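Computed from a predicted model, the values in this text were never measured in an experiment. Per chain, numbering begins at 1; letters A, B, ... match sequence-line order.
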Amino acid sequence: MTTEPKIVAFTCNWCSYAGADLAGTSRIQYPANVRIIRLMCSGRVDPTWILKAFELGADGVLVSGCHPQDCHYISGNEKAEERVNSTKRLLRLLGLETDRLRLEWISASEGARFAEVIKDFTEKLSRMGPTPFRSKRGV
Amino acid sequence: MENSKVNSTEPRIGVFVCHCGVNIGGVVDVPKVVEYAKTLPGVVYAEENLYTCSEEGLSKIKGAIREYGLNRVVVASCTPRTHEPLFRSACEDAGLNQYLFEMANIREQCSWVHSHEPEKATEKAKDIVRMTVAKARLLEPEEEAEIAVADSALIVGAGITGMTTAVSLARQGFRIYLVEKEPEVGGLVRRLNALYPTMSDPAEILNPLIEQVKSSRNIQLLTSTGVTSVRGYVGNFEVTALRGKTEELKLNVGTIVVATGAEAFDPEGRYGYRRLAGVITQLQLERMLRDGELGKPKSVVMIQCVGSREEGRPYCSRICCMNAIKNALIIKEKSPETDVCILYRDIQAYGRNYEDYYKKAREAGVIFIMYDKDKPPEVSRSGIRLKVSVVNAFMHQEVTLGADMVVLSTPLVQHESGRDLARVLRVPLGSDGFFMEAHAKLRPVDFATDGIFVCGTAQSPKNIPESIAQAYGAASKAGILMASGKVRAEAITAMVNEEICRGCGRCEEVCEFNAIGVEDTGGAKMTAKVMEAICKGCGVCAVACPTGAITMRHFTTKQINAMLEAALTPGRG
Amino acid sequence: METRMEDAMAKTNVRYCLKCGKCTGSCPLARVNPEYSPRQTVERAILGRKDQILRGKGVWWCLTCELCSERCPQEVRYPDFIRACRIEATAKGIEHMCAHGGMLAELQRAMTSPEVKQDRLGWIPKGAKVSGTGDLLYFVGCLPYFDVIMEKIKPDSVAIGQSVVKILNRVGVTPAIMPNERCCGHDLLWTGEVESFKKLAKLNMDEIAKTGAKTVLMSCPEGYRTLKLDYADLFGELPFEVVHTSEFFSRLIDEGRMKFDKSIDRKVVYHDPCRLGRHLRVFDAPRKVLSSISGVQLKEMERSRAEAMCCGVDAWMCNSNSKQMQIERLREARMSGADLLVTACPKCQIHFRCVMSEKLPKSVFPVPDEAKIDVMDLSELAAKAMGL
């Protein structure tokens, strides 16, 4: 089986998910490592899910929302940022590289940026190697 | 954990995998995905379609629901942002609650972005279907709350577009607040000398419109006014505006239309603008022509694409070619001896009678010289005149022109105040700075946010007939909402499991919409309660809850957990 | 370790139930929620209504505080019975009540991985003397994780661990601390995830063996109970002694090695954690420590020692009943005349701090002022009294 990194991306409906769609409409190619979960707002992302993703064997988790000041729900993205920072502290305690959790602001018009982030993240995760939880994935 | 009614019948999921012509089928092995879907627990039926969104595709879904007793439907095709409403509607037609439907995005987020890796794309499509089926298993039927829509609209911008929208809506009987940041109405058109290709006087178009605005009982015109904040949601927006510098106004409207127009790019630092006398912009030329200040210059050189179709502003501003030709013809008419030369990269003569207009300019003796993007013209002083040198792209030779006036055609760009408005309304701007519509093809005057619309050059550079067409489009969309008087709110709202809620109030602390609050339920017990009509479904409260008592309908914690398991453990899910 | 309801019924004396109702009458949960009845659950079990029990809420609401079994004339061990039901329910795929949104459980499950390499030493104060091996191992527990997860209520759980290490160093002990210590597994065990619990237990036993420790010191009563009783249940007699900080400090005081030179002028009342008190019968040691500190006026709550009221939360399954119990207990603490509540359990401390941190407006049943009191862990107070 492949040892390519597996990325789970939590994207917000209004900005980042639309940005990912725009990458598609613009036919911008990027690595097939990411699995996207659509939420209404990045503020919906529960740190428990991030931990669960790693525990189940994800090599990287991307949380993506609207740029500051642009959140459709006003401040959901600010909360997402606080929570991602907290979760990084937990990852550090667990002995995982904090770079495996990535927070990005990607707007609906930034299709190219979405693709770039996935490319960059995939590359960085390949260099980091698989997580200690890899065996869980039965890979 | 949620307090939802447990669905006693087992999920019976139907999966419809779309080829989308070759858009998906040309990359992803659709039959393989269908076979795979059949192996997933809960899936009782799976088929492939050429175009699931077609009449045929939709009736196959409806037929399958009836024939196989499906109680969940998954369509694996494009992004839900295009056709989810269509499929949801088809489900409702077949008697299935629309919230028992989910889409797997295997086009925009799969086949289109992995077109050179068909095997990986197919594996990813399988994963996506597995994840979506995992969520579908846990979907619950939901009912949408109805929200009343106020029969008033806020229109931001009283240029030709904003005023057209205002008059149209006012005629339909709605109350309009027409807000304009300048002391005068009319926008950019007010500053024009003539309109192409008819050469009509802008006043002929503007003045009657202004008259209609001012005389309409339904329109309240507020000039020197800017919108400072907007709270609320479709049907019930609470707008705060500032008139002058001191007067604060509070308006309550059902819909909002953005018609803020655009401004001309300032070519500071280019071609000697502001440094050399005689170098002006097309707008400045309009004023000169209107005020009779043209004089009798010996030679006028116009340069096109100044600041557009380049790094940072890659778009074509659509109107500058015809505008330059218009002004060239006017100059020739007022002063036949004047040499007029237009330096261009391409000529955009796309519209009705535009090719004829260009021909007219050629007949009038206007010279057109094509220049290469990489070899732009140079403007310098030459005695009391200007000297323009340009490499003729056909002759590959440099040509030097003497000029008394150099007119720069600059693109339309977004206002600073437009950017502020985008922030206030929380609507997106495209990478070009203009307001970004909900869907490039299917929803040109909508924002993704319900109840807010956009039209005119605020959305992208366009000419007057195009702006007016959009103005009517936006008026129509807003009108429909206000005429029906109500709108259904998506049933993506928070749900509190009152047994686990400890009434701590953290949800109340984080909600921006005051949609959730702790209430005394008697007997020294407190619990959080959700006001579903106001809840916007962001889910921030659900994460803030320390006990896990809150989840979001249609995006429940269980569903997300199931999707994670499905994404990462091929054997499970 | 019983993993099925029927086995548990035999082992926990459920079949001897007299239906006297003392359990329900004693239950702190039943006091605030009349829907809950241990007596009825037992009745249903005897009548074989297994499904109703396993799928019901009653199985998860139980605080497992053992107040019922303390008073039961037939010595029915109700919490143990409940635990077996939980294990069976989990094995059947029945989801347990949400425990703090599932966050702690995810972390604990993550620790079952043999390959995970945690940072378990970052909280240790600078200059402290610790080692990878030694006769005495300080089993820290999840304190560093608590400080991140509960950051909104500022629990400062890590202060407990730091106090313990400082005290040990002062009395000349260099404790071993495991660099990859796992969660003891208490929460997973009591929410029914027995397989994950076993994995954690095995990993810990291996890690403890590596340190060569003969004594394992714990500041958390839940960890204490888990190692002393549940690990022994799994692995047989343990090759080391397990002791709580209060017991260890009590020993040190007797040996004259622990001296409190600072006076702490506070009216202190001690809250007996369920696991330390009723589960393991340690009532005197913490009180001995407190009485040995000059300036401390030791008060007692009306319901203390084996009668103490639970802090309201079991294995993070906080729910609509918890808050009232917490407020009652805090009120009781104030009524004793104390201005400082001392606990010997980091989780009790978190639960009390949590309820007092709520910012609801006064109009909606707030935490009344007469239920607000300073809360501190025994180790922290002891360290302060030693000038550390």
Passes side-chain contact (heavy atoms from CB on, under 4.5 Å), B:Met563 versus A:Ile36? Steps please.
-> CA-CA 10 Å; B:Met563 290 180 83; A:Ile36 296 175; over 6 Å; no

Start with the C-alpha gap between B:Trp112 and A:Asp21, add the side-chain angles, then the distance that decides, and say whether side-chain contact (heavy atoms from CB on, under 4.5 Å) holds.
-> CA-CA 9 Å; B:Trp112 273 353; A:Asp21 279 346; over 6 Å; no

Should A:Asn33 and B:Lys120 be marked as a side-chain contact (heavy atoms from CB on, under 4.5 Å) after you check the CA-CA gap, both sets of side-chain angles, and the distance that decides it?
-> CA-CA 9 Å; A:Asn33 301 68; B:Lys120 288 196 176 153; over 6 Å; no

Please test A:Ile118 against B:Val113 for side-chain contact (heavy atoms from CB on, under 4.5 Å), starting from the C-alpha separation and ending with a verdict.
-> CA-CA 11 Å; A:Ile118 302 297; B:Val113 290; over 6 Å; no

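From A:Arg38, atom CZ reaches atom CZ of B:Arg81 across 8.0 Å, with rounding to the nearest 0.5 Å. The line from CZ of A:Arg44 to CZ of B:Phe555 is 9.5 Å long, rounded to the nearest 0.5 Å.
Using a 4.5 Å cut-off between heavy atoms, B:His116 touches chain A through backbone and side chain atoms alike. For A:Tyr17, the parts lying under 4.5 angstrom from a heavy atom of chain B are both the backbone and the side chain. Residue contact with chain A, scored on non-hydrogen atoms closer than 4.5 Å, involves the side chain of B:Asn23 exclusively. If you measure heavy-atom distances from A:Ile74 to chain B, the contacts under 4.5 Å come from both the backbone and the side chain. Only the side chain of B:Ile492 comes within less than 4.5 Å of a heavy atom of chain A; its backbone N, CA, C and O stay farther away. The contact between A:Arg83 and chain B is made entirely by side chain atoms (from C-beta outward), counting heavy-atom distances below 4.5 Å. Neither the backbone nor the side chain of A:Cys12 comes within contact range of chain B; no heavy atoms are under 4.5 Å apart.
No donor-acceptor pair under 3.5 Å is formed between the side chain of B:Gln109 and the backbone N or O of A:Gly24. Checked by atom type and distance alone, the side chain of B:Glu108 never pairs as donor or acceptor with a backbone atom of A:Arg27 at under 3.5 Å.
Residue B:Lys32 qualifies as open at atom NZ: its count of foreign heavy atoms under 6.0 Å is 12 or below.
When all heavy atoms of A:Ile37 and B:Met131 are compared, the pair lying nearest together is CG1-CE, 3.6 Å. Heavy-atom minimum distance, A:Lys79 versus B:Val510: NZ-O, 3.4 Å. Taking every heavy atom of both residues into account, B:Val543 and A:Pro47 meet most closely at CG1-CD, 3.7 Å. Counting all heavy atoms, side chain and backbone alike, A:Trp49 lies closest to B:Asn561 at CD1-OD1, 3.5 Å. Nearest heavy atom pair, residue A:Trp14 against residue B:Thr449, reads CZ3-N, 4.1 Å. Heavy-atom minimum distance, A:Ser109 versus B:Met436: CB-SD, 3.5 Å.
The most heavy-atom pairs under 4.5 Å with chain B, out of A:Thr48, A:Asp70, A:Thr25, come from A:Thr25. Of the listed residues (B:Thr82, B:Asn105, B:Thr132), the greatest number of heavy-atom pairs within a distance under 4.5 Å of chain A belongs to B:Asn105. Comparing A:Gly43, A:Ala115, A:Ser107, A:Ala112 by how many heavy-atom pairs each has under 4.5 Å with chain B, the most go to A:Gly43. Ranked by heavy-atom pairs under 4.5 Å with chain A, the list B:Ser115, B:Cys541, B:Gly537, B:Gly430 is led by B:Ser115.
Side-chain atoms of B:Leu568 and A:Phe54, non-hydrogen and from C-beta on, never get closer than 4.5 Å to each other.
Residues satisfying the side chain to side chain contact (heavy atoms under 4.5 Å, CB included) test with B:Lys124, not counting sequence neighbours, are A:Tyr30, A:Ala32, A:Val34, A:Arg35, B:Cys110, B:His114, B:Ile128.
For residues 416-427 of chain B, the interface with chain A (any heavy-atom pair closer than 4.5 Å) comprises B:Arg423, B:Arg426, sorted by residue number.
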